[in-house]
Structure formats: structure tokens, C-alpha cells
Amino acid sequence: MGEIIQPGYIALHRAGELHARVQAAMQRLAACNLCPRACGVNRLQGETGFCRAGLLARVASANVHPWEEPPISGTRGSGTVFLSHCTARCLFCQNYPISQQGVGREMTAEQLADAMLRLQKQGCHNINFVTPTHYVPQLLAAVEIAAERGLRIPLLYNTSGYDSVETLRLLEGVIDIYLPDSKYADDEVARQLSGYQDYVQHNRAALLEMRRQVGAELVLDDKGLARRGMIVRHLVLPHGLSQTPQVLRWIAEHLSPQIHISLMAQYFPAHRAVGHPTLGRRLLAEEYEAALAALDYAGLENGWQQELECDDHDA
Ligand code: SF4
């Protein structure tokens, strides 16, 4: 347990630095290079790139979420702001109407700030930006307004981990807790299953930058709630397609063996994975057990595991 740490964006706002970040981030939209795809489209003029995100943030939902990791959801829930569109094309995406079809509604920075303040008022322990990469400028603008109006809870950046280091630098001191995925250790598999280009190098560079900003230790308050740090999530895929041993070994060797890992067993075939030759079934018990053994072998002792949900006919 540690002492209570004031969210970093409050000090940045008081120092007037948050506004400079918003300005710098907005400029990146003129030739968008927010994520590693660097499409170069002018989103200020309404052009869209690979992710299809425009000038205004599109928001699928802003709700209390009780099912994140315990230090995130606590007793009163995490205030998730679920952003529409995505920089990936995962065949197995469980949220594809939001990520691929853009379900949601456009919100101004003021409206987003109102949503965050509402979640704080509802008692949420934090604000949890889900799939935020392609909206960093819009989120910064909303945080500036919300901070002015009294937002005081920590900010989480809940990402696929396909982030550009330059964009992450805009978030230094703003984001208190990073929740990145580390999905793959093989670029070709990442390309085939998720449409990523050079996922591994970008993911690893992003994870290192996040650790530089917030450290490897997950700092908790006296109620066990996360105040600062990072949690790395890894979804175990069937047939070893997520290269779990390699992913975990890299994390232990290059980030820290102290990093908190959320090892997820919740995979089920959704979207274009239904009927797919390798992705078309849930995880087998022995596949998750192998993933747990890899976690142990890598020496990663902190974090959470899931109960495996098996379909009998799959086993
Ligand atoms: S955020 Fe979207 S438009 Fe910008 S570089 Fe990435 S995919 Fe392209």
C-alpha cells in the first residue's frame, strides 16, 4: 500500500501545461500520425484514415464498470468511456459493432468532460478510456475542461498496445495507470489475425514508454485501489496463436518481473472468427494451463488469472 497520489493531470492543469498538450496533440490531427499507421490524413478537415475516426470523438458508452481487475473496479466500479472505431481489425473482435462499424455518438470535448464528471459523481474510482489511441487529442481536451470543473479521480489508458511513443509522450503526467494489451510476439500472426503492421516492435516500444512514465510497480492506496502504474493484459488464443510464452518472457525480461499481468482466458469466437479453422473455438483447459505454466516459468507472480469458460463440445 502506498500513500495517496494526486492524479498527475491536476498539477499539469494548474501549471497551465495541460493546455499546451492539447494544442500539440490537436496539431497531430492535421496529418494524422497518432498511431503507428501514420495515415497522414487531415482529420481537422474531416478526412479519415484506417481507423475511420474523425475530428470529434465518437463514444459508444460512458458507464460504471464493475468487472475490471480488482484495484481498478474496487467496490464502486471503474468509469469506462468506451471509444468507437479502432486501429486494428481483429478477426475475433468481441466489440466489432463498436470497433469496426463505429456504433456510438460523436461528442464534443465539453460533452465528454460532462460524462467524466457524471461518472465521478456516481462514485467511480477512476476514468477508464477504452480504445483511446485514435482520440488522444480529443481526450486531452476533455480532461482539461473536466479538471477545470472539478475532476479529481485517476485516469486510465486502456489500449490494444498498438501505440506510438510520440503520442504516449503527450500523455506523460496525465495518465496515471496504463492498461495495455500485449497480444502477440509474432508480426505475421498479428498481421493475419488483427491486421497490424509491425505490432511487436510498436507494442514493445509502447510498453517501455509506459513503464518509463508510471513505473513497473502498481501503487495502491489504503483501500487497495490503483493510483499509479501499469497492468499488462494478455488474451490467450487457441492453438498457441498468441505466442503466450514469448510475450510473457519478454515482459519479465524487459519490463520487470514485478509487472502485474492479467492473463485472460475469456476468448470466444466472435465476428469473423465464427467458423474459422483455428479461431473458431474457445480455449481448451490444457491451453490455459500451458499459459499459466508460462507465466510461472517467466517468474511473473503479480496479477490475475481467470476461470476458464469451456464449451463441453469444444473440449
Ligand atoms: S489514428 Fe487513425 S487516422 Fe490516425 S494514423 Fe492511426 S489509423 Fe491513421
Side-chain angles (χ1 to χ4, degrees), residues 21-60 80-93 95-109 112 128-143 155-172 174-175 178-184 187-210 213 271-272:
R21 298 283 182 92
V22 175
Q23 303 294 101
M26 283 293 177
Q27 285 173 13
R28 304 270 304 274
L29 291 174
C32 189
N33 60 355
L34 286 179
C35 86
R37 293 189 188 277
C39 297
V41 294
N42 188 341
R43 290 175 56 186
L44 297 174
Q45 299 287 338
E47 293 176 9
T48 55
F50 182 91
C51 65
R52 304 186 186 114
L55 178 55
L56 290 181
R58 184 174 280 274
V59 179
T80 51
V81 178
F82 211 121
L83 285 313
S84 310
H85 298 300
C86 188
T87 59
R89 296 279 187 272
C90 296
L91 298 180
F92 49 87
C93 182
N95 299 310
Y96 68 92
I98 296 168
S99 67
Q100 305 304 322
Q101 296 168 353
V103 168
R105 71 177 178 103
E106 287 190 331
M107 292 175 82
T108 63
L112 254 174
N128 183 348
F129 297 123
V130 184
T131 325
T133 304
H134 43 293
Y135 290 125
V136 164
Q138 294 88 341
L139 297 176
L140 282 169
V143 168
L155 299 180
L156 275 70
Y157 188 83
N158 186 339
T159 170
S160 68
Y162 190 60
D163 291 273
S164 120
V165 170
E166 290 70 29
T167 303
L168 291 174
R169 286 197 181 123
L170 292 167
L171 299 170
E172 183 167 8
V174 179
I175 295 298
Y178 283 103
L179 261 73
D181 291 339
S182 190
K183 292 177 184 289
Y184 302 105
D187 278 333
E188 183 52 26
V189 179
R191 187 188 66 75
Q192 288 178 13
L193 302 190
S194 295
Y196 286 121
Q197 294 169 356
D198 303 320
Y199 178 84
V200 180
Q201 84 178 60
H202 290 300
N203 177 244
R204 291 177 175 179
L207 294 176
L208 287 166
E209 172 61 17
M210 292 173 193
Q213 290 184 22
H271 190 33
R272 294 169 62 196

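As the structure lists them, so they are numbered: ligands from 1, and atoms in each ligand from 1. What you are looking at is a predicted structure, and each value in this text was computed from that prediction instead of being measured.
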How long is the straight-line distance from SG of Cys90 back to CD of Gln100, given to the nearest 0.5 Å? 8.0 Å

Output the list of atoms in ligand 1 that are nearer than 4.0 Å to some heavy atom of Cys51, sorted by atom number. 1 (S), 2 (Fe), 3 (S), 7 (S)

Give a yes or no on whether Cys35 keeps an N, O or S atom under 2.8 Å from atom 6 (Fe) of ligand 1. yes

Tyr196 and Tyr184 aromatic ring geometry - parallel, tilted or perpendicular at 30°/60° bounds: perpendicular

Does some non-hydrogen atom of Ala53 fall short of 4.0 Å from ligand 1? no

With a cut-off of 4.0 Å, which atoms of ligand 1 are near a heavy atom of Arg43? 1 (S), 4 (Fe)

Just which atoms of ligand 1 are under 4.0 Å from any heavy atom in Cys39? 3 (S), 5 (S), 7 (S), 8 (Fe)

With respect to atom 1 (S) of ligand 1, which of Arg37, Arg52, His134 exhibits the smallest heavy-atom separation? His134

Which bit of Ala38 is near ligand 1, meaning a heavy atom under 4.0 Å away: side chain, backbone, both or neither? backbone

With Arg89 as the cation and Phe50 as the aromatic partner, state whether NZ or CZ is under 6.0 Å from the six-membered ring centre and within 45° of the axis. yes

OG1-CG distance between Thr159 and Leu168, expressed to the nearest 0.5 angstrom: 7.5 Å

Taking CZ in Arg272 as the centre, count heavy atoms belonging to other residues, nucleotides or ligands within less than 6.0 Å. Is the count above 12? no

Check for me whether the distance between the ring centres of Tyr157 and Tyr178 falls short of 6.0 Å. yes

Taking only heavy atoms of Phe50 into account, list the atoms of ligand 1 that are under 4.0 Å away from them. 7 (S)

Check: Thr80/Asn128 side-chain N/O donor and acceptor closer than 3.5 Å: no

Is any N, O or S atom of Cys32 under 2.8 Å away from atom 8 (Fe) of ligand 1? no

